[in-house]
Each structure stands twice: as C-alpha cells, then as structure tokens.
Amino acid sequence: MKNLNLNELSKLIDISAVRADSTYDEVRRIVECAKVHQFICVFPMPGFIHETVSMLKDHPDIRIGGVVGFPSGAENEATKLYEARERKEAGCHEIDMVMNIGYLKSGRQEEVLQEIHRIKETVHPLPLKVIIEVSLLSDEEIRNACQLVVAAGADYVKTGTGWAGPTTMHHVRLIKSTIGDQIKLKVAGGIRDLATLEEMYLAGVSRFGIGYKSVINILEEYKKRTQHG
C-alpha cells in the first residue's frame, strides 16, 4: 500500500492534551496545530472545553472531543451520565468514555454493557468511543471488553487513556480479530512515531489519539520522508 499523504494522515489524528498537568497553553497549541494541519478532532480536559469551543468557532471542520469517566472509569453510572450530557451540551462532537474496568474484572458484564448503552443513548447522535485500557487487561479480558462494546452499540473500541500504558501491535491485532469490521478501532497510548502509526493503520486502526509533542515528532518525520522522496 502507498504511504499516507498529509491529508490522509491528518484525518486519522485526534490531537489531545488530556494529562493531569495539561495547561491552557498546551490546549491553545493543540488547537493551533489542528487549524494548521486540519486534524480531525481536538481533545482537551473537560475544564478547557468552553475555551476550546471558542477557539474553534470559525473552524467547523475540526471536531471537539469530550472525555467521560476519565481516566479511571470507576465513577458510578449517574456521574458518567451527567458528564456525558454536560459534554454534549458544552459543544463536543465526539465522546470518549472509559469503561468501568473494575466491573469488567469483577465479572459484572451486564452492568458494563448497560452503562455503555445508556451513555450511547445520552450522547446520540454523537459517536461514542469506549476506552478499555488494554494495558490493564489480559487477552481474554480484552476480547470480552470488545464484545461488550460491540453489543452495547458504541461506535469505536479505544485502546487506552494514555495514562496506564502503551498500546502494542499485539493489542491491535487481538482487537481487530475480535471486532472485525463491526465497529471501528481507535488507538491511544504510545504512538510516538510515524512507523508505528502506519503499521497500526495498515492493521485496521481508524483513528489515533496523540499528544502534542508526539504529533510534532510524527509531522517532522513525515516532512523528512517527503523531502527525501
């Protein structure tokens, strides 16, 4: 397969500033970066959503993402539902929620399923991505989590928050073998170079959540490759 062109690359990337220490200046930088390179979506932490909406008011092609139950997923359902409604009403175009990992590991599958389903109903028609935090799960738990996400009607399985550990090619292949083409796959956590991104894209990843520094590194790699064509 041919290498991705810059437009194709941009439409794969959700540029994010979702660490505990992400500052307003970092949010401003990711917004400006998204404007220049036309990244598909910008993800700030919830406290910076209103500023992000304001900064992007004249750029309707750039989406704004909101996180729910981030980063632990361990909030009760009522709290997550409140967050989901608030993110939608604040102007977010996409929602990334964290699955209740403790419930999954406790065998409380029906509660996991119902929570995802109710949040999907709450944010409709916005796309819902469900973060399963692969670095905390066994292969069997990853398959189980993916099956619950599909059954609940979400739009994407997302591998991680970026807080707990990196996503590997093993994770990508395992998830794709479980979900097939039923829903899409977003990878976040540990995507720091162009080669990793392209290998995962070829394996079936539809979207990548990447922080500012790693995005800049990937763009620099892309620029060098095109210069040496």
Side-chain angles (χ1 to χ4, degrees), residues 1-19 22 25-45 48-49 52-53 55-56 58-67 70-71 87 91-98 126-134 154-163 165-169 171-172 175-176 183-226:
M1 179 177 175
K2 69 179 180 63
N3 291 329
L4 291 164
N5 63 43
L6 188 56
N7 182 63
E8 290 168 335
L9 179 64
S10 297
K11 296 310 178 190
L12 294 173
I13 293 175
D14 294 349
I15 189 169
S16 64
V18 291
R19 299 186 316 275
S22 293
D25 283 342
E26 186 171 354
V27 173
R28 182 181 51 78
R29 285 197 299 270
I30 68 169
V31 168
E32 292 305 314
C33 193
K35 289 178 183 178
V36 170
H37 298 286
Q38 289 298 294
F39 294 127
I40 192 165
C41 195
V42 171
F43 270 84
M45 288 294 264
F48 291 120
I49 287 173
T52 305
V53 169
M55 286 186 279
L56 286 170
D58 297 323
H59 297 268
D61 292 338
I62 301 174
R63 302 173 191 172
I64 298 165
V67 293
F70 193 91
R87 302 297 105 90
C92 292
H93 306 106
E94 303 188 359
I95 303 297
D96 288 20
M97 66 164 284
V98 186
L126 307 184
L128 177 66
K129 310 184 196 85
V130 181
I131 301 168
I132 65 173
E133 208 68 282
V134 291
D155 302 279
Y156 286 76
V157 171
K158 180 178 172 184
T159 58
T161 59
W163 288 44
T167 300
T168 67
M169 277 304 303
H171 295 137
V172 170
I175 291 170
K176 283 300 293 180
I183 60 174
K184 297 177 181 178
L185 171 57
K186 176 178 173 179
V187 167
I191 313 305
R192 298 189 174 90
D193 57 75
L194 184 59
T196 299
L197 185 151
E198 289 186 320
E199 184 180 13
M200 290 184 173
Y201 171 73
L202 289 172
V205 177
S206 299
R207 198 81 74 83
F208 295 87
I210 308 176
Y212 178 78
K213 290 180 181 178
S214 295
V215 164
I216 295 302
N217 182 59
I218 288 167
L219 291 173
E220 287 297 321
E221 286 188 73
Y222 182 87
K223 186 185 301 183
K224 289 176 184 177
R225 185 171 73 187
T226 54

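Here the closest non-hydrogen pair linking Ser16 and Ile30 is C-CD1, 3.8 Å. The minimum heavy-atom distance between Ser206 and Leu12, with the atom names listed, is O-CD2, 3.4 Å. Taking each heavy atom of Ala17 and Ser22 in turn, the nearest pair found is C-OG, 3.2 Å. Smallest separation of non-hydrogen atoms from Pro71 and Val98: O-CG1, 3.8 Å. Across all their heavy atoms, Gly190 and Pro166 have their closest contact at CA-CB, 4.1 Å. Taking all atoms of both residues into account, the shortest heavy-atom contact from Leu185 to Val205 is O-CG1, 3.6 Å.
Counting only heavy atoms from C-beta outward, the side chains of Leu197 and Ile210 approach each other to under 4.5 Å. Between Asp61 and Ile40, every side-chain heavy-atom pair lies at or beyond the 4.5 Å cut-off. Taking 4.5 Å as the limit, every side-chain heavy atom of Tyr156 sits out of range of all side-chain heavy atoms of Val130. Taking 4.5 Å as the limit, some side-chain heavy atom of Leu56 sits within range of a side-chain heavy atom of Val42. Using a 4.5 Å heavy-atom cutoff, the side chains of Val18 and Thr161 are not in contact. Counting heavy atoms from C-beta on, the side chains of Ile183 and Asp155 never come closer than 4.5 Å. With a 4.5 Å cut-off on side-chain heavy atoms, Ile191 and Met200 count as touching.
Residues meeting the ring-ring contact (aromatic ring centres under 6.0 Å, His included) test with Phe70, sequence neighbours left out: Trp163. A search for side chain to side chain donor-acceptor pair (under 3.5 Å) contacts involving Tyr222 returns nothing, not counting sequence neighbours. Residues forming a side-chain contact (heavy atoms from CB on, under 4.5 Å) with Arg29 (at least two apart in sequence, or on another chain): Asp25, Glu26, Tyr212.
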- Check the pair Arg207 / Glu94 against salt bridge (charged side-chain N to carboxylate O under 4.0 Å, His left out), numbers first and verdict last. CA-CA 12 Å; Arg207 198 81 74 83; Glu94 303 188 359; 3.1 Å; yes
- Query: Given Val67 and Met97, is the side-chain contact (heavy atoms from CB on, under 4.5 Å) satisfied, shown in steps?
  - Reply: CA-CA 6 Å; Val67 293; Met97 66 164 284; over 6 Å; no
- Residues Val31, Lys35; criterion side-chain contact (heavy atoms from CB on, under 4.5 Å); working and verdict: CA-CA 6 Å; Val31 168; Lys35 289 178 183 178; 3.7 Å; yes
- Message: Please evaluate residues Ser214 and Asn217 with respect to the criterion side-chain hydrogen bond (donor to acceptor under 3.5 Å, both in side chains), reporting the C-alpha separation (whole Å), side-chain torsions for both, the decisive distance (0.1 Å), and the verdict.
- Response: CA-CA 5 Å; Ser214 295; Asn217 182 59; over 6 Å; no
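Contact check on Arg63 versus Asp14 returns no salt bridge, with no Lys/Arg side-chain nitrogen under 4.0 Å from an Asp/Glu carboxylate oxygen. The existence of a salt bridge linking Glu221 and Lys224 is excluded, since no basic side-chain nitrogen approaches an acidic carboxylate oxygen closer than 4.0 Å. Taking the charged nitrogens against the carboxylate oxygens, Glu133 and Lys158 have no contact shorter than 4.0 Å, which rules out a salt bridge.
The CD atom of Gln38 sits 5.0 Å away from the NZ atom of Lys11 when rounded to the nearest 0.5 Å. A distance of 11.0 Å separates NE2 in His37 from CD1 in Ile62, rounded to the nearest 0.5 Å. A distance of 12.0 Å separates SG in Cys41 from CD1 in Ile13, rounded to the nearest 0.5 Å. We find the CD1-CZ distance between Ile15 and Phe208 to be 14.5 Å, quoted to the nearest 0.5 Å. Summarising the geometry, atom CD1 belonging to Ile218 is positioned 9.5 Å from atom CD belonging to Glu198; distances are rounded to the nearest 0.5 Å. We find the CD1-CZ distance between Ile64 and Arg87 to be 13.0 Å, quoted to the nearest 0.5 Å.
Between the Thr159 side chain and the Val134 main chain, no donor and acceptor come within less than 3.5 Å of each other.
Summarising the local packing, NZ of Lys184 is surrounded by 12 or fewer heavy atoms from other residues, nucleotides or ligands at distances under 6.0 Å.
Asn7 and Ser10 form no side-chain donor-acceptor contact under 3.5 Å, judged by distance and modelled atom types alone.
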